Every structure is written in structure tokens, then in C-alpha cells.
Amino acid sequence: MNKKKNCDPSLLNRRAFLATAAGAATGTAIPGALPASSKQFSQSTLQVWSCGGLAEAFIPANQKYKAKTGIEIAYTGAFASALGKSLLGGAKTEVFAGRVLGLAQKLRDAGKMIHFKPLCFTKYVLVTPKGNPAAIADIKDIANPGVRVILAPDASPPGGDAVAALMRKAGVYDQAMKNATVKGSCVQRTMEDLVKGKGDVSIVEYRLTRMPLFKDKTEIIPIPEDLFPPAPLPFTIGVMKSAGDKQLADDYIDFILSQEGQGFFESAGFIPAISDEGLRLSQKLEVQDAG
Amino acid sequence: MPAEAAVSSKPKSRSRALNWRRRLTQIAFTAILGQWSFYGIFRCPFIIPYMSCQNCPVITCHGRLLGMFWGFWLLLPLSVLVFGRAFCGWACPGGLVTQLWSGLAPLKLRIRNLFMRIVPHFKYLGLAMVLCIWLLWGQYREIVPIRVGEFFSSVALTFEHANPIWLVRTFFVLGSAALSLLLANAWCRFACPTGGLLEALRPFSVLKVYKNNKCDDCDTCLKICEMGTRPSELNCTNCCDCLSVCPQEAITIGNPRRKA
């Protein structure tokens, strides 16, 4: 098994990520491929919990890890805050990848997590139906009279709150709320409404535009990073105290943070932690395990 | 074997063979629809399951994964117009479970009285409630959806992070299904909203199991019916269990309008 850590950012670029993701997808499509693991672990299954938003990246990454090592990943993806609450209570898992730095720190402080590392970052974008009928070019445009805005203010955190904070920072919150023709409770439904043309613009995480349901069905307009609320941007991955085989948990995390593993996160619309951009964000947002 | 005994056992064996054929069909449909059915009760984030699959975040559910949602809701109404409530008797995975449980039920309620004329209508109340929640109230998510997860831990996490209203609906469904251990087929006969919808459309179906004018109201058919009814009456699912049991040979299957 390749144990080399490819953390040199100079090795990473978009083409490399896409090439690895395509290769990984091909690899996972050949179930007969033999595991090439040279390591012996004390268990054949590893339990991994993550924020549900990461599922589109973790599912193929886990298949690839199994193909390489023969280790079965028992994976659960759900709202990170709820999983974190369970973990802070009596629930147990071996590896946890959550959103919001504070959650990882809380698990460390409670003695539930041994250590964590930055995994990836999210970003927010403006999305419009194909053809951008309202000619949206900038976040300020969502405040223009007559623009039909689709929002999900009641979406589970950080969905609604993060977008509200972003709009407040941009000074468009009040007018955008007045312009809102849909005020939903689910960010995925927001995307569906937008694709159907029920509105002219919405603000979502870029990862949603990469989901198979919505891929290539919208126009994407960047939002300046200084408007993003910092809390929901970083995702971390860490080994839990209840990990049966710490070496296996570390090996899995090494794979997820390798160029090959991170390719799946880039494909799913995240900024990989080991990319130039990810390293910059890790420093800016101070995503590090204080120990 | 004496000739008389051979004659009387023939309808019974024919009925048993049909019943086995139905069970095998139910098992086949459970293999196709079972996972979706299970997710609908135990992991669907919405109060009304099977209705909002197109924007459900639970990505491992077959309703969304295999696009069952569209096929099911297109084919189900068509199946009712042709076969009546045959879905309940031949295809529904929940129906199979409650029917098997009902074998243990001490109260079969295969009787005709005022109570049994009124109680089956309760499922229309269930249907009305479902339509109100779905169309008027809106389908809000009432649990933290476990998008992907292991079988048991996902169910445990779903219950752990569910809102009270989701717990109420789930325990009502499970309680009604479990009631089938006491009152035969309680869920299907008295509570199932889908059954209510199909029952409302059943009179328009082409094919029916029905009684002809040879019927002398002996109720032999009622005594073997899992749904505690008689051919073509309220709750008849065209299961065909009664086809061979009528001593008057008054039960048949076909289009009664054409016969008329």
C-alpha cells in the first residue's frame, strides 16, 4: 500500500485532482481488484462518522480505501452537530469528520477525540438558472427590485444562518428577504426550486452545485471570500478515543488527506485542505489541533 | 381416499396453491420495495414518507437512489384502475408483514356487524390527515436525516435526533402494525392512508373478485379472508383467497360490468 504522504502543495493542481478522482472512480468500478495492503491491522472494519455534506466525497473515497486495503468502512454521514452531540454523550465511533472547528475542539476537550487535522473547506456562491435570466453579476444584485430570490432561512445550521450572515455582511439582507419568493427549510430544495426556474438567484455552498442532481444545471457566480462567515467553512477529521486500532484510524486519515483521497473532496466541490488554497485557509482560520 | 373427500379437498388445495402464489409475489415485491418501505418508516425525515423523495437528503434510500418514487406513483394509480386494491394484497411489503403477524392474532374480527361496518372507514381519516399535512402544512423535515449509515446505528440515531411529532407518527404506525398481533390486519384494515386512497379508487377498477347471484350469504368467504371482508366489499384487496372456497361457487374474478 502506498503510505507516502503527498502533502507537498506544489504537487497539487486542479488537473491532478481530477485525474486522481477519475482514476479512483475507475478503480472503484472494478470490484474484483485485489487489495494491495501490506499492513496488518487488528480489525477488518473501521467505523467512520462525518458531516452529511461530505457524504458525496466519503462514499467513493471509502470504496477506494477498501479496494486498496481490504478494510471495510462502516460509514455514517449526517448533520455534524447532531452526531457531535451523540458523541459527546454516549455514542462511539472511531474516526469523526465534522464541520466547524469548535466541534472538534469540544470533542478534544471532552477527551473523546485524540487528535484532528484540517480536512477541507467549503465556499459560498451565487447560483442562477441556466442563462442567468436576471443578469446577476454580483451579490449586490440580489437586492435589486424585481429579482426573485430563493432562500432557505429555516434550513438546519449552518445552512440558513450562514447565508443570512453573509447577506448582512454584504448589506443586502433586508432587501434580499423582501425579494425572496421562496423561503424554505432545505438547501437541496432551494437548488431544486432554482433549477425549475422558481427564482432568479440563490446563495448556496458550491458543493451543492456539484451534486449529480444539480450538476451543470445552474450558472455559478463567485462571492468574495471576505463576506463568508468563518465558522461553517472548515471541516476537520480526527481519531476518536474509542478507535479500536489507532494505527488503522491514522492510516485511513492519511489516505483521506493524501492527494488521491483529497481528489474525491475536490470533485464533490470542496477545497482540499492540502491544496494551496486549503493551506492558506487553514492558516487564516487557524484550523489546527491545539493539543 | 373416498371420492367425496377428494372432491371437498380440491377447492381447499386450489385455494392453498393460490395463497402460496400470492405469498411468493409478496416476497418478490418486498425484495423490490422493501428497503424503501423500511426507510419510509424508520429513516424518512418527513412526516409523510414516500412523497418527497426527489429532495430527500437520505442518499442510500432506494426511493431516491433507484428513482422508485416516480415509477411507483405513476404505476400505483394505474394498478388500482385495473386490479383494484391488489397492491395491498399482492405487493405491499407492510401488508405482508401485518398479514403474517395476523396469523398469530387471537381476534380475527371476521364478522359482519355495525362496528365492523364503521371502523374500516377510519383509514379515510388517516388519508385526510396525510393530505392536510402534505398539501397544507408543507412537508418539513422532522428528524436529522442520516444521509448514509449502518443499518442499526442509523435507525438509533434517527430516533435520537427526531422531533416529537416524527416520534408520534412513527410510534402510531408501529403501534397500529403491532396491533395486528392482536386484531388481525389492524393496520391494513383500519388505519393505512395508502389503503384509504386505493379503497376510494377501488370502485372504478376493471377487474374484481365478486359474488354473483348464487351467493346465499353463508359467509364462508368472510371466514377465510385476512381482511375480514367479502368479495368486492369494503377492504377487498382482490387477494383471491376466497375464489375456491364458496360452496355455491358464487365467487368469480373478472369485469362484473361486462357480465352485467
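None of the values given here were measured: they were computed from a predicted structure. Below, chain A is the first sequence line, B the second, and so on; all start at residue 1.
Closest non-hydrogen pair, A/Ser86 versus B/His161, comes out as OG-NE2, 2.7 Å. Residues B/Glu150 and A/Thr76 share a closest heavy-atom pair of N-OG1, 3.7 Å.
Within a 6.0 Å radius of NZ in A/Lys130, other residues, nucleotides and ligands contribute more than 12 heavy atoms. In A/Lys85, the NZ atom is not crowded: 12 or fewer heavy atoms of neighbouring residues, nucleotides or ligands sit closer than 6.0 Å. Counting non-hydrogen atoms of neighbouring residues, nucleotides and ligands closer than 6.0 angstrom, the CZ atom of B/Phe29 reaches no more than 12 such neighbours. Applying the 6.0 Å contact sphere to CZ of B/Phe69 captures more than 12 heavy atoms from other residues, nucleotides or ligands. Counting non-hydrogen atoms of neighbouring residues, nucleotides and ligands closer than 6.0 angstrom, the CE atom of B/Met129 reaches no more than 12 such neighbours.
Highest contact tally toward chain B, considering only A/Ala78, A/Cys186, A/Gly77, is held by A/Gly77 [criterion: heavy-atom pairs under 4.5 Å].
For B/Phe172, the ring-ring contact (aromatic ring centres under 6.0 Å, His included) test picks out no residue, with sequence neighbours left out.
Screening residues 78-97 of chain B for side chain to side chain donor-acceptor pair (under 3.5 Å), with sequence neighbours left out, gives B/Arg85-B/Glu199, B/Arg85-B/Asn235.
Contacts between B/Thr60 and chain A at a heavy-atom distance below 4.5 Å are absent for every atom of the residue. For A/Met191, no part lies under 4.5 angstrom from a heavy atom of chain B.
Identified by a heavy-atom distance below 4.5 Å to chain A, the contributing residues of residues 141-149 of chain B are B/Arg141, B/Val144, B/Pro145, B/Ile146, B/Arg147, B/Val148, B/Gly149, in residue-number order. For a heavy-atom cut-off of 4.5 Å, chain B lies close to A/Gln47, A/Trp49, A/Gly52, A/Gly53 in residues 46-54 of chain A.
Atoms SG and CZ, on B/Cys56 and A/Arg189 in that order, are 10.0 Å from each other to the nearest 0.5 Å.
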